[in-house]
Every structure is written in structure tokens, then in C-alpha cells.
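In what follows, a structure is listed as C-alpha cells, so that the remarks can point back to it.
Here is the naming used below: chain letters follow the sequence lines, and residue numbers restart at 1 for every chain.
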Amino acid sequence: MKMSHMFGGTLRQAPTDAEIASHQLLVRAGFIRQLGTGIYSLMPLGWRAITKIEDIMREEMNAIGGQEIYMPVVHPADLWMETGRWYQIGDEMSRFHDRKGHDMVLAMTHEEVVTDLARREVQSYKQLPMLVYHIQTKWRDDPRPRAGLIRVREFTMKDSYSLDADEAGLDQQYRAHYQAYFNIFNRCGVPAVAVGSDVGMMGGSLAHEYMYLCAAGEDTLLLCDSCGYRANRQIALFQKPTPEKEELATMEKIATPNVATIEGLANFLNVPKARTAKAVFLTATFTEGEQEVQKLVFSVVRGDMDVNETKLANALRAKELRAAHAEEIAAIGAVAGYASPVGLKGAIVVVDDLIPLSPNLVAGANEAGYHYTNVNYGRDYQAEIVADIASAEEGSGCPRCGQPMRTSRGVEVGNIFKLGTRYSAALGATFLDEKGKEQPVIMGSYGIGSGRLLACAAEENHDDKGLVWPISVAPYQVHLLSLRGGQAQAETLYADLQATGLEVLFDDREESPGIKFNDADLIGMPIRLTVSERSLSEGGVEFKLRHEADKRIVALQDVVAEVLATRDALLAEIAQKVVTVPFEE
RNA sequence: CGGGGUGUAGCGCAGCCUGGCAGCGCACCGCGUUUGGGACGCGGUGGUCGGCGGUUCGAAUCCGCCCACCCCGACCA
């Protein structure tokens, strides 16, 4: 490609609204352009890089038996009603009517459609296992897209779906993906770790998320350096302290004027926060058939901990959880800041499993300015649910080995789910087993967003001058610059390089050397060749790798062979990063 | 949805407070000189000042409503 006619150029300054490196660089280097909130166009360079990433995905999916298909982006709503997700999913799914007035949805994922296909195509256990995948557009009307391509509303995802006759088959396909996903990330130059994750709206029994650890990430992970335990904070377990046994003391009401926070309460009474009970009001939405019901939830954790809304929502089997409004709290006679489970009516009470073990806590008295001391679970109040609803944090004890864990931010670059029969049962995707008995297909679903992966590759592979692409995802392998006195030889070299199948970006513009070098650094192709009067007088073409500082001169007649050898060496380096990762639940 | 912020040329910004010809740098076009790490001179092109309404002799500027975009939170397969 000649840069003189390339659609979309480089920018000297990044738009001010780009804050993280990958966003700034992808815009400045001319890879992406924004159309609206969370909606981007891919320019020629960006699209070529995405194509490389998607081809890597194809290779890895095909290697584990995947069959590529292509499913629609517009779905009749009926299918989503059949699985119930039409009712469960909120505004994140965009809905519209076709001209006949039928309800339609924009695809945010494809379990419904693939299961509908499976129920038509799969009849016998003899056909299983099967694995299908596609690379397709998803629309998720996220309430807050951010950080360029990291989090968008319209995106392309490689999603695959495994179909099996039994759990063992599912486990095998799940493990195959577990490794294939590491291969994909490694080949794209994105180091990732797998962590246990919440199954969320997908349903199912087991899930892993692949996290690229970086400060720009929006998930918080808990990592144990001693034993290797890793989990998303949403579900991370931790060893809770074992409180000393005490005689249960008599509950007393005490005046605590203007003390409406745990911090203030602990200071006022001069007790550790661990001796208090923290009350948090949330409103939960439950789906009952086609109806949505909202109920107030009163959750209690120890004062030194925070409520984990994912754990709480899972314990409640709630669809949604949000902070309760002041009116909702007042409606059941509770007083914010002085709320108490003692004598509370009109809310579902959920207490953390540490609370029943913690004697003589300070809790609210449901009266402004008053708290109770020596409140004890079981004696003074009961809960509908006792469960682990507290959030692990920096320093929390590892659930396996007890050592303090650390936290890190991460971007979710992929995930894998054991769905089981959640969708096949709902849609009647069944087959006949060896005994002629009808069984639901056992499914798994596995996704990687290609744009997000591109952004993470940019985030991981850049320096202060620009992008530094691994050759596997670089839009072009070679960046050829012609400077004064080298134009004719550069034209010839451009043709010779391309004739061998090398991918070449040729800067044939009439620009000053500084601009061309800076643009080459910004765009970040792995191999740079410069042809100029100076290089020719020194004996040929200047040869430089983007990730190294060294430059050297290669004779004109040797350049093509040298570039081919270097490309192959760089590809071999990438291939070496593909290593087997032991499976961990 | 809550909090904060920004909308003026392709990009980055000033002008707004205190109403009076719409500006600057970069980019772009022409000519010339230069050119191995973001050259220089001269001359040019490009704007419904986010939109609608109001106040006013006169609105980028003041007032109201709306929209878009960004950041934090809620949310997130």
C-alpha cells in the first residue's frame, strides 16, 4: 500500500477525549475513527490488524474442531421469549419492530440462534460432539462505553458454541477452549491470565474470564502469589477471620448523635470497625414469569467489610440490584445511617456468613441518633438468607492457602462458559442417546471480542513514540520509506518485496524525513526499510526493527532475502510464546 | 440513571466574564527554497460558533429548553 493514497492519515495530536495509550495511539496512527459513543469505524490499518487477529482465532478454532458459520445480527424476538431472556435482559438489548409490527432484537450474543439451529440439525448422539463458531457483530447498548475500543457498544466477537452428548464431552471441549484461548492471546502479544468468574446472565455452572492485567482495566482481580489462586472480585472467596467466642451480653440502646457512618460510629464508641454491623439497603428486581417484581433487600456485613453486589445478587437469585432510594428505605420505617435488622419488617434480610459467628456487635436502632450494642444474630434477629456476601479486598486471606492476596486491575479479553442445558432445554434442542432416550444437548459458549483484543495488544505493545506491533497482528510486516535520492530504487524494492508475498506499507509521500520516521514509529510496523541517497552511498538500504534501536545497511540485492528471513524469525518468536497452560478450575 | 465537564475550520485551542467585522497553531492548496528525526518564505482554501427558542438596534458571547461527546459512579456476556 502506498501511503500517498491511503485512506486515513496520522494525527499529530490525539483528540483530548482519548485518555489511555491504546485509544490515543490507535486514533493518532489512523487505525480507528469514532462515529458515536461506543461506535467506531476501522480504517484500513485497523481493519487489516483486526483481520490478522480474526485469522488467528480461526486457526485456533479450526484446530480444536471448530466449524465456521455465520448467524444473523437481527433476530425475531420469539426465540428470546422462548428462553426467557427477552424478559430478563434490560435496556442493554435493543429492540425494534419490523414493518409488520413483529418484535425484533439486535443480537447481543447468539445462544438463542445457535440453539435453534441445533434443535433442527442435531438428532443423534452419533453426530456429537460438534463445535461451531462465527465472527460477527454484536450490539450491546452499554450504559457507559469508555476507553476507545476497550469498551464499546457495537463490536465484533468470535463466539463459539460446543454441542455435546454428556458432561464429559462438554468438559473436554471446555478444556480445549481453555488452551486455545491462551494460544490466541499469546499469538496476539497480549499476556492474559484465566480467573474464575461469575456466570452472570449466561447461566450455567462454570466460567472463566481471561484477563489482561493493566491499569486501564475495569475489573478488579484478587491474586494469590503463594498458591496461584485468582478470581474476579465479583466472586472471589476469602478466608474470613474467626471471631473469639464471647458470652452474649444484653442488648442496650445507646445515644449516638450525628454518627451515621461506620467510620464515625467506630470512632465515637472507640471500638474496631469489626465490632460493628454495616447495613446496606438495595432494591432487587426479580423475574417471575413475564412479571418483574421489586423488593427491598437489607444486607448486613461486618463494619470492616463491604457488600459484594454480585455475590448478593447470586444469593438472592435476583435479576438486578441497585442502591435503594431514600423513599423506599423510609417506606418500611428504617432510618438510613441508623438502620437495624432488629425488628425490621418489609425487607428481605441477608446477612454475611461471618455475622452469626460475630458476637455482640453494634448495630443501628432504626431511630435517628441511636444504636444498639451487643446485637447478636439468632437471638435478636433472623435473616432470610445467610451467605457469603462480603467483598474480598487487598490483603484478604487466600481461600486456599490463607496468605494475603493482592489486587490488580484487568481487562476481560475473553470468557468461556459451561452452559449445560440452560438453552437446549428451553428451546427443545434434543438428541436420542444410545438407548433411544431423548436428551437435551449439553452446551458451552466461548467469546473473544476482536476489537478489544486489538486495543489490548496496542496497550501492551507501545512505547513513547508509538505502537510496536508484534508481527502477527501488524497491519503490514514492512514499512518502506523512500527519502531524497532513493525514490527509484524504493519503487523497485516495493515491487520486489511484494512479489515474494511480503506485506509492505510504502511511504512514497513527498514529506520531510522527520515526518516519515515519526509516522513509521507511530504506526509501528515491525520491520522498517529506508532507501535514500545516504543509504545508497553507504551501500544499500537501511534496515531497522521497530522494537530495537540498532540500524544497519543491507546491500540492495540482499534486502528481500534478509526481510523474509527476519519476518520468519519474528513469526517463529511468536510461535514460541504458545505454551501449554495447566487447567485450573 | 446520579455527579462533574466539554461543544468555535480536519486536529489542538483562544475569544464568552464586560454583546459590536470569527481568530491562532498544526493540517490542506499554489509558487519558490529546503529535506536523515515533525523545515522556511510568500500567497491562498476552509466556519449554519452543537440545535431550537428568547432578550437586544445587534448574540459565539446573556437567558431557557434540547442534543451530542468525555470523565467518575451505578451497570456490564
- Query: Of A/Asn415 and A/Pro145, whose nearest nucleotide on RNA chain B comes first from the 5' end?
  - Reply: A/Pro145
- Query: Does A/Asp142 or A/His23 map to a spot on RNA chain B nearer the 5' end, using the closest nucleotide for each?
  - Reply: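 By nearest-heavy-atom nucleotide position, the 5'-most residue is A/His23.
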Using atom [atom1] in both nucleotides, what's the gap between [N] and [M] to the nearest angstrom?
N	M	atom1	result
B/C66	B/G2	P	12 Å
B/U8	B/C24	C1'	12 Å
B/C26	B/C63	P	35 Å
B/A60	B/C52	C1'	16 Å
B/C28	B/A9	C1'	11 Å
B/G20	B/C62	P	11 Å
B/C71	B/G12	P	14 Å
B/C72	B/U45	C1'	42 Å

Nearest-angstrom distance from the residue atom [atom1] of [X] to [atom2] of [N]:
X	N	atom1	atom2	answer
A/Arg146	B/G73	CZ	P	7 Å
A/Glu412	B/C75	CD	P	16 Å
A/Gln234	B/A74	CD	P	11 Å
A/Arg85	B/C76	CZ	C1'	14 Å
A/Arg151	B/C71	CZ	C1'	15 Å
A/Asp91	B/C75	CG	P	15 Å
A/Ile20	B/C70	CD1	P	13 Å
A/Gln24	B/G12	CD	P	12 Å

Mind checking [X] for me? I need base, sugar-phosphate or nothing, with any heavy atom below 4.0 Å counting as a touch.
X	answer
A/Tyr446	nothing
A/Glu309	sugar-phosphate
A/Ala313	nothing
A/Gly90	nothing

- Closest to side chain of A/Glu92, choosing from B/G12, B/C76, B/C70: B/C76
Side-chain N or O of [X] closer than 4.0 Å to phosphate OP1/OP2 of [N]:
X	N	answer
A/Arg144	B/C72	yes
A/Gln34	B/C70	yes
A/Thr37	B/C70	yes

- Item | A/Arg552/A/Glu562 ion pair, N-O < 4.0 Å | yes
- Message: With side-chain contact (heavy atoms from CB on, under 4.5 Å) as the criterion, how do A/Arg95 and A/Asp103 come out once you've worked through the C-alpha distance, each side chain's angles and the decisive distance to 0.1 Å?
- Response: CA-CA 7 Å; A/Arg95 302 152 205 249; A/Asp103 286 318; over 6 Å; no
What does [N] pair with, Watson-Crick or G-U, if both distances are under 3.5 Å?
N	value
B/A39	B/U33
B/C1	B/G73
B/G7	B/C67
B/C57	B/G20

- Task: Summarise protein proximity over nucleotides 32-43 of chain B in one line of letters, 5' to 3': B for base, S for sugar-phosphate only, - for none, counting protein heavy atoms closer than 4.0 Å.
- Result: ---BBBBS----
Could you measure the distance from the [atom1] atom of [X] to the [atom2] atom of [Y]? Nearest 0.5 Å is fine.
X	Y	atom1	atom2	result
A/His208	A/Arg230	NE2	CZ	8.0 Å
A/Ile448	A/Met57	CD1	CE	5.0 Å
A/Met130	A/Tyr161	CE	OH	15.5 Å

- Message: Between A/Tyr181 (side chain only) and A/Ile416 (backbone N and O only), is there a donor and an acceptor less than 3.5 Å apart?
- Response: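 No.
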- Item | For A/Met3 against A/Asp508, the heavy-atom pair lying closest together |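 For A/Met3 and A/Asp508, the tightest heavy-atom pair comes out as N-OD1, 3.4 Å.
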- Item | Residues that A/His134 engages under ring-ring contact (aromatic ring centres under 6.0 Å, His included), provided they are two or more places apart |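 So A/His134 forms a ring-ring contact (aromatic ring centres under 6.0 Å, His included) with A/His110.
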- Query: Do the ring centers of A/Tyr178 and A/Tyr174 come within less than 6.0 Å of each other?
  - Reply: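 No, the ring of A/Tyr178 stays outside the 6.0 Å limit from the ring of A/Tyr174, centre to centre.
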